[in-house]
Each structure stands twice: as structure tokens, then as C-alpha cells.
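Notes for the one structure printed next.
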Amino acid sequence: MIKRIPIAALKVGMYISDLNNDWIPHNTQRKKGVIKREETIEKIRRMGVQYVYIDVEKGLDSQDAETAQEVDRRNEQALQNAGEQRPGIKHKVALTEEIVIAQRIHSQAQGLVGSFMNNVKMGAAIDIAPIHQLADELQNSVLRNPNALSCLGRIREKDNYLLEHSVNLSVLMSLFGNYRHLPAEVLHQTVVGALLHDLGKILTPDDILHKPGRLTAEEFEVMKLHARHSRDILASTEGIGEIAVITAAQHHEKLDGSGYPEGLKGEEITEYGRMVAITDVYDAITSDRVYHKGMTPSQGLKKLLEWSGDHLDPELVKQFIRCIGLYPVGSLVLLESGRLGVVVETNEQDQRLPVVRVMYHTRFRLPITVETIDLSRAGNQDRIVRAVDPENYKLDVRKFLA
């Protein structure tokens with residue numbers, strides 16, 4: 001049986017089944033095994049881990065433990081509570097129309113961010129104007145129909161993570177900032193900061209940046225320097241605003257001071273830093289990596305709630321969930337009819353009734369004719385039972401998103 005315990009209850013002889021630290025970028029530490037030394041416990045504590053999961057059938061139990069099922073039930077209830085209905089961004093353009101524009105913007109964004117990074121690395125002249133123009137186009141697409149870029153953000157390749165993550169983060173920050181009614185110029189700067197937040201990785205040695213195996217403690221310290229490098233490069237770039245610099249600099253800071261590069265705590269982290277920390281963690285943990293299988297969107301949202309308070313701002317996490325919905329674009333959901341559908345459009349009036357694209361029937365265990373269904377339409381009696389993991393049905397939801 002898998003149980004969760006506070007780090008203070010972790011003892012030699014316990015078997016760790018999950019370090020529960022997926023918020024740590026480039027997290028390639030071995031996550032399972034028996035604790036044999038006190039030094040290992042101290043190392044885990046220094047990571048900023050507050051709770052770990054143990055397998056009591058393979059190691060010692062704890063009186064401070066609660067079952068993983070209990071934790072999941074509480075997180076599910078918190079997710080439902082956080083998703084209380086609030087109006088979102090109203091769609092001004094149909095998804096089928098905006099997806100064409102969004103595909104151009106998404107492709108252009110990856111190319112431009114990659115070119116910008118390469119120019120910085122080569123010491124070439126830097127022109128920030130195209131980045132500002134891209135940020136405006138991206139925001140305009142989100143305002144017309146946020147689902148278009150959200151769909152494209154779920155169609156990703158793990159070998160192109162760095163560029164796709166930068167673009168996806170800027171989309172999430174645009175969604176989040178619009179939802180929170182940030183002033184136009186402030187929102188623009190946070191999007192620019194998100195686009196360029198990983199710029200400092202151009203100074204990280206390739207053998208560390210692209211290492212498929214576990215990073216050593218020394219290698220991880222080198223990797224962590226990228227946030228400081230991003231800040232310094234942007235701060236010295238003409239035409240970059242202060243908020244954009246802060247957004248990039250603080251994307252790995254955590255409320256309890258366990259983040260980096262400055263180890264800021266609580267209110268020492270700006271509003272924009274706390275926002276981008278949430279979006280960065282969410283996109284990272286729901287992405288497939290060379291060394292990491294991404295969580296489903298719903299699993300990712302539950303983890304944000306679980307890590308709230310210690311690492312992430314609890315109120316901002318709840319707002320982020322309301323912003324992207326109980327069933328974010330790309331979620332695979334089980335309907336009462338037994339059909340499976342991938343969410344392609346959220347519903348700004350009722351998060352429980354998105355537009356889904358059905359493609360599989362669980363009762364017959366067979367693919368069915370692909371059909372797009374608006375669950376909010378009058379006369380449609382089908383409803384979502386729960387979000388499910390595509391792995392359980394050997395489905396690739398990316399095929400049905402665009």
C-alpha cells in the first residue's frame with residue numbers, strides 16, 4: 001500500500017515510492033528505493049520536499065501516514081472547489097478559424113525564440129522588436145479564442161522541449177494574465193518574460209542540459225544557474241522592461257525559500273514571479289521528457305494544489321485552475337455514455353461542459369467514429385464522469401487536437 005508522510009516522519013528502513021518533487025526542473029534523481037542512511041533523508045529535506053510517498057509493503061510504516069487514495073480524494077475535492085464557475089475569456093472567433101492563425105504564430109514563435117537564443121549565444125546583435133511583436137500576436141490570438149494555442153500546446157515532441165516549453169509558458173501566462181485583468185503593458189511584459197525565461201540555458205553546458213540520465217549534485221547546481229543567467233542577459237538587453245526581467249528571473253522561486261536563484265520567500269517573490277512559478281511547474285510536469293513521462297492535465301492540477309502553501313501561492317493556484325478549467329484542453333475524459341473524448345474547447349460559462357472530440361468506447365473497447373460534441377448544447381444529455389489517463393487505453397490524444 002502506498003501512503004504519504006511528512007518529511008519529518010521519514011526514517012531509515014522506509015521504502016520511497018515517489019519523492020513527490022516533480023516541481024524540480026530536470027528532476028532526474030532516482031525516486032524509488034529503501035532509505036539506508038540518515039544522510040539520504042537530509043539530502044531529500046534540502047531539496048525542499050515536504051511530503052514523500054512510501055510503500056509500506058516494502059518498508060517500514062508510519063503512524064503519521066495517510067493513504068495515497070485519501071490524498072487523491074482530498075486533492076480531487078480541492079480541484080472541484082477551485083473550479084467553481086467564474087466567467088473566463090469569451091470566444092470571439094470559432095476554433096476552426098483561429099487554429100489556422102494559431103498554427104502560424106506557434107511555429108513562428110518557436111523559430112523566433114530559437115533564433116534569439118542562438119544570436120545571444122553567438123554574440124550577434126540582438127533585435128528585441130520581433131519578440132515584442134510576437135507577444136502581441138500571441139495575446140491577440142488568446143483573446144480571439146484561447147483554445148487554439150492551448151490545443152497546439154498539447155501537441156508537443158519531447159525532443160524539442162526547450163522551445164515548446166517557452167512558447168507554452170507564454171500562452172499560459174497570457175491566459176492567466178488576461179483572467180486576472182492585468183494592465184495591458186504589464187501583461188505584455190510577463191508574456192515576453194515567459195517567452196525568454198529559459199534564455200540562460202544557452203550558457204549551460206550541453207552535456208548537462210541534454211543529459212538523459214540522472215544529474216549529479218554538482219551538475220544540478222550548474223543547471224540551476226540558468227535562472228540567474230536569464231535575468232542577467234535580459235537585464236542588459238535594451239528594450240526589455242523590468243517586469244519581463246523579473247518574470248524570467250523568478251520562475252523557479254518557491255514560497256518556502258527552497259527555490260532559486262535567490263531563495264526568495266513569501267512576499268519577497270513578486271506577483272508575476274508567483275504566477276510564472278505556477279505556470280512553469282504545470283507545463284513542466286504535464287510534458288513528456290526524455291527522462292519523464294508527463295502527467296495528465298488533471299493530475300497536474302491536483303499536484304499544484306498539493307504543493308500549494310509550501311511552494312506555490314494557494315490563492316493564485318486556485319485562480320489558475322479557474323482560468324484553464326477543471327478539464328483543460330488536452331484532457332481525456334470519460335463520458336456517462338462510456339465514450340472517451342479529448343477536450344478541445346473549454347466552456348467559459350460552465351467548466352463541466354466543454355467541447356470534446358470522442359473517438360473510443362470503453363464498453364466495447366473499440367475506436368468509434370470521431371465526432372466533436374458540445375456538451376453544453378441543449379438536448380445533449382451526455383456528461384463527464386471523470387478525467388482519465390490516455391495510457392490506460394493506449395491512446396495518443398495529440399492526434400485528435402488539431
Side-chain angles (χ1 to χ4, degrees), residues 83 88-107 110 141-142 144-160 164 167-168 171-172 175 282-283 286-288 293-301 324-402:
I89 303 172
K90 294 186 181 299
H91 311 164
K92 300 177 181 178
V93 174
L95 177 61
T96 52
E97 180 180 343
E98 186 59 33
I99 196 73
V100 177
I101 303 172
Q103 286 172 332
R104 175 185 60 78
I105 294 173
H106 196 268
S107 177
Q110 290 191 56
S141 178
V142 166
R144 288 190 297 267
N145 192 317
N147 298 292
L149 281 169
S150 295
C151 278
L152 297 177
R154 299 304 307 168
I155 306 172
R156 58 180 96 192
E157 300 295 335
K158 60 187 177 183
D159 293 334
N160 196 31
E164 291 190 344
V167 177
N168 293 343
V171 172
L172 290 172
L175 285 164
Y282 174 75
D283 190 69
T286 56
S287 301
D288 287 342
K293 176 63 181 175
M295 300 178 186
T296 68
S298 291
Q299 290 170 338
L301 293 180
I324 66 172
L326 289 174
Y327 307 106
V329 170
S331 300
L332 185 67
V333 293
L334 172 66
L335 303 180
E336 290 177 347
S337 63
R339 295 178 294 179
L340 294 180
V342 60
V343 175
V344 294
E345 290 194 73
T346 55
N347 183 335
E348 68 268 15
Q349 299 302 322
D350 190 337
Q351 296 182 23
R352 299 165 299 178
L353 302 173
V355 177
V356 299
R357 193 160 288 151
V358 295
M359 81 300 283
Y360 188 88
H361 206 297
T362 58
R363 293 174 190 165
F364 306 119
R365 294 190 173 275
L366 288 172
I368 57 177
T369 301
V370 177
E371 180 184 1
T372 301
I373 301 172
D374 186 344
L375 296 179
S376 68
R377 288 286 178 88
N380 193 330
Q381 300 300 312
D382 221 347
R383 293 293 182 267
I384 292 175
V385 176
R386 62 179 179 274
V388 296
D389 191 338
E391 287 287 307
N392 295 338
Y393 300 92
K394 308 301 181 186
L395 291 173
D396 184 354
V397 298
R398 296 176 300 178
K399 297 178 180 178
F400 306 97
L401 281 170

May I have the list of side-chain donor-acceptor pairs in residues 338-346 shorter than 3.5 Å, sequence neighbours left out?
{"residue": "R339", "atom": "NE", "partner": "S337", "partner atom": "OG", "Å": "3.0"}
{"residue": "R339", "atom": "NH2", "partner": "D382", "partner atom": "OD2", "Å": "2.8"}
{"residue": "T346", "atom": "OG1", "partner": "N147", "partner atom": "OD1", "Å": "3.3"}

>> Quick test of your reading: applying ring-ring contact (aromatic ring centres under 6.0 Å, His included), list the pairs with at least one residue in residues 373-393, sequence neighbours left out, ordered by first then second residue.
In response: Y360-Y393

Given side chains that start at C-beta, do those of [X] and [Y] come closer than 4.5 Å, heavy atoms only?
| X | Y | result |
| --- | --- | --- |
| D396 | P390 | no |
| H106 | I101 | no |
| E98 | S141 | yes |
| V333 | R386 | no |
| V358 | L335 | yes |
| I384 | R352 | no |

> Could you go step by step and tell me if Q349 and S376 meet the side chain to side chain donor-acceptor pair (under 3.5 Å) rule?
Replying inline: CA-CA 9 Å; Q349 299 302 322; S376 68; over 6 Å; no

> Going by an N to O cut-off under 4.0 Å, is there a salt bridge joining E391 and K293?
Replying inline: yes

Donor-acceptor contact below 3.5 Å, side chain [X] vs main chain [Y]:
| X | Y | result |
| --- | --- | --- |
| S287 | D283 | yes |
| D374 | V355 | no |
| Q299 | T296 | yes |
| D389 | N392 | no |
| N145 | V93 | yes |
| S107 | R104 | no |
| Q351 | L326 | yes |

> Are R144 and E97 close enough, and set up right, to give a salt bridge (Lys or Arg N to Asp or Glu O under 4.0 Å), and what steps lead you there?
Replying inline: CA-CA 10 Å; R144 288 190 297 267; E97 180 180 343; over 6 Å; no

Drop me the distance from [X]'s [atom1] to [Y]'s [atom2], to the nearest 0.5 angstrom.
| X | Y | atom1 | atom2 | value |
| --- | --- | --- | --- | --- |
| I368 | M359 | CD1 | CE | 8.0 Å |
| I155 | F400 | CD1 | CZ | 11.5 Å |
| Q110 | E164 | CD | CD | 4.5 Å |
| I99 | L401 | CD1 | CG | 8.5 Å |

Do you know the tightest heavy-atom contact between [X] and [Y]?
| X | Y | value |
| --- | --- | --- |
| Y282 | P297 | OH-CB, 3.4 Å |
| L301 | G325 | CD1-O, 3.6 Å |
| V397 | G330 | CG2-O, 3.9 Å |

>> Taking ring-ring contact (aromatic ring centres under 6.0 Å, His included) as the definition, give me every residue that meets it alongside Y327, ordered by chain and number, with sequence neighbours left out.
In response: none

>> For E336 and R383: C-alpha separation, side-chain torsions, deciding distance, then whether salt bridge (Lys or Arg N to Asp or Glu O under 4.0 Å) applies.
In response: CA-CA 6 Å; E336 290 177 347; R383 293 293 182 267; over 6 Å; no

